[in-house]
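Have a look at the structure below before the remarks.
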Amino acid sequence: MSLKIGVLISGSGTNLQAIIDRIAAGTLDAEVVLVVSSRPSAYGLKRAEAAGIQTLTLSKEIYAEPAMADEIIAASLKKAGAEYVIMAGYMRMVHAPILAAYPNRVVNLHPALLPSFPGAHAIQDAYDRGVKVTGVTVHFANADYDAGPIIAQRALPVQEGWTVDELEAHIHEIEHELYPDTIQLIAEGRVHVEPDLRVRIDPPAGAAD
């Protein structure tokens, strides 16, 4: 049985496309059952429609009441059969209705090595700080912004002379590999949140001790 996921987007949907492509290639055992966009103009909606995926777009008026918006999203995800919620460039916090419906099953992607550079401008912040290493984090979302249990991280050495746009391009390359890889670990049932909020990842089935 493929892992049924709902994907939340706000923009171009390149990470959504990476997920769709990996599913099509047979290297990600998942099915996207719903794509939710916070913006009607998000190009990611066209990607979803091209792949035959059901979509949901909420208006600014509904988002003016965040809890109500998240109640609609949670109900729609449940109705579609989503087992996990995958945030892929979703530029809004998720609130209690979604978090309660999917405890430790809301996954977020962050373009820095958390806990460094949380927030919406992580790539620019890391660039401005002049770090020599940054990267990408996949973590479970909770009520604290960019502070949920970390599932996976991948580092990126920053080369001298890179522009912020070049840094962003390399970050996105890592995202498009790491996110589907991590979702596959979840699909295999290997990802567990411990009581201390550390994440344990089991070895592959049949691996030697």
With Leu197 via side chain to side chain contact (heavy atoms under 4.5 Å, CB included) - residues at least two apart:
Pro149, Val193
Are Leu8 and Val94 packed together at the side-chain level, in the sense that at least one heavy-atom pair is separated by less than 4.5 angstrom?
yes
Look at the side-chain heavy atoms of Ile, Leu, Val, Met, Phe, Trp and Tyr, link any pair under 4.5 Å apart, and say whether Ile171 and Ile150 land in one connected group.
no
Atom of Arg22, atom of Pro180 and distance for their closest heavy-atom approach:
NH1-CB, 3.5 Å
Distance, nearest 0.5 Å, that separates CD of Gln153 from NE2 of His110:
10.0 Å
Under 4.5 Å side-chain heavy-atom separation, chaining through any Ile, Leu, Val, Met, Phe, Trp or Tyr, what else clusters with Tyr145? Say none if it is isolated.
Met93
Taking atom CE of Met68 as the centre, does the number of heavy atoms from other residues, nucleotides or ligands within less than 6.0 Å exceed 12?
yes
Within the 4.5 Å heavy-atom criterion, are Ile86 and Ile19 side-chain neighbours or not?
yes
Leu109 CG to Ile174 CD1 distance, which is reported to the nearest 0.5 Å:
10.5 Å
For Ala69 against Leu58, the heavy-atom pair lying closest together
O-CD1, 3.8 Å
Atom pairs and distances, side-chain donor-acceptor, residues 31-44, under 3.5 Å, sequence neighbours left out:
residue	atom	partner	partner atom	Å
Ser37	OG	Arg39	N	3.0
Ser37	OG	Arg39	O	2.6
Ser38	OG	Ser10	OG	2.7

Step by step, work out the side-chain contact (heavy atoms from CB on, under 4.5 Å) result for Leu156 and Val136.
CA-CA 8 Å; Leu156 171 67; Val136 175; over 6 Å; no
Determine, using the 4.5 Å side-chain heavy-atom cutoff (strictly less than), whether Ile183 and Ile53 are members of one ILVMFWY cluster.
yes
ring-ring contact (aromatic ring centres under 6.0 Å, His included): which pairs involve residues 152-179, sequence neighbours left out?
Trp162-His170
Is there side-chain contact between Asp21 and Leu28, with at least one heavy-atom pair below 4.5 Å?
no
Test: salt bridge (charged side-chain N to carboxylate O under 4.0 Å, His left out). Region: residues 147-159. Which pairs qualify, not counting sequence neighbours?
Arg154-Glu177, Arg154-Asp181
Kindly write out the residues that satisfy side chain to side chain contact (heavy atoms under 4.5 Å, CB included) with Ala169, not counting sequence neighbours, or none if the list is empty.
none
Scan for salt bridge (charged side-chain N to carboxylate O under 4.0 Å, His left out) pairs involving residues 185-202, sequence neighbours excluded, and state none if there are none.
Glu188-Arg190, Glu194-Arg200, Asp196-Arg198, Arg200-Asp202
Dump the intermediate steps for side-chain contact (heavy atoms from CB on, under 4.5 Å) on Gln184 and Asp29, then the final yes or no.
CA-CA 6 Å; Gln184 179 61 25; Asp29 187 17; 3.7 Å; yes
Is there a continuous path of hydrophobic side-chain contacts, each under 4.5 Å between heavy atoms, that joins Val158 to Leu178?
yes
Report yes or no: do Leu16 and Ile23 belong to one cluster of Ile/Leu/Val/Met/Phe/Trp/Tyr joined by side chain heavy-atom distances under 4.5 Å?
yes
Residues 131-148 vs salt bridge (charged side-chain N to carboxylate O under 4.0 Å, His left out), sequence neighbours excluded, gives Lys132-Glu160
Can you give each donor-acceptor pair under 3.5 Å made by side-chain atoms of residues 101-108, sequence neighbours left out, with the distance rounded to 0.1 Å?
residue	atom	partner	partner atom	Å
Tyr102	OH	Lys78	N	3.4
Tyr102	OH	Ala82	O	2.9
Arg105	NH1	Glu83	O	3.0
Arg105	NH2	Ala101	O	3.3
Asn108	ND2	His139	NE2	3.2

Would you say Leu77 and Ile62 are hydrophobically clustered, going by side-chain heavy atoms of ILVMFWY under 4.5 Å?
yes
Closest non-hydrogen atoms of Ile151 and Val199, given as atom of the first, atom of the second and distance, are CA-CG1, 4.1 Å
May I have all residue pairs that pass side chain to side chain donor-acceptor pair (under 3.5 Å) and include part of residues 44-54, sequence neighbours excluded?
Gln17-Arg47
Which residues pass the side chain to side chain contact (heavy atoms under 4.5 Å, CB included) test with Ser12, sequence neighbours left out?
Thr14
Minimal non-hydrogen separation, Ile9 against Tyr90, with atom names:
O-CD1, 3.4 Å
Look up atom CG in Leu45 and atom OG1 in Thr57, then write down how far apart they are to the nearest 0.5 Å.
4.0 Å
Output yes when a side-chain donor or acceptor of Glu166 lies under 3.5 Å from a complementary backbone atom of Thr163, and no otherwise.
yes
Write down the atom of Pro111, the atom of Thr134, and the distance for their closest heavy-atom approach.
O-OG1, 4.4 Å
Minimum heavy-atom separation for Tyr63 and Ile73, please, with both atom names.
OH-CD1, 3.6 Å
Mind listing the side-chain donor-acceptor pairs of residues 112-124 below 3.5 Å, one per line with the distance, residues two or more places apart or on another chain?
residue	atom	partner	partner atom	Å
Gln124	NE2	Asp128	OD1	2.8
Gln124	NE2	Asp128	OD2	3.4

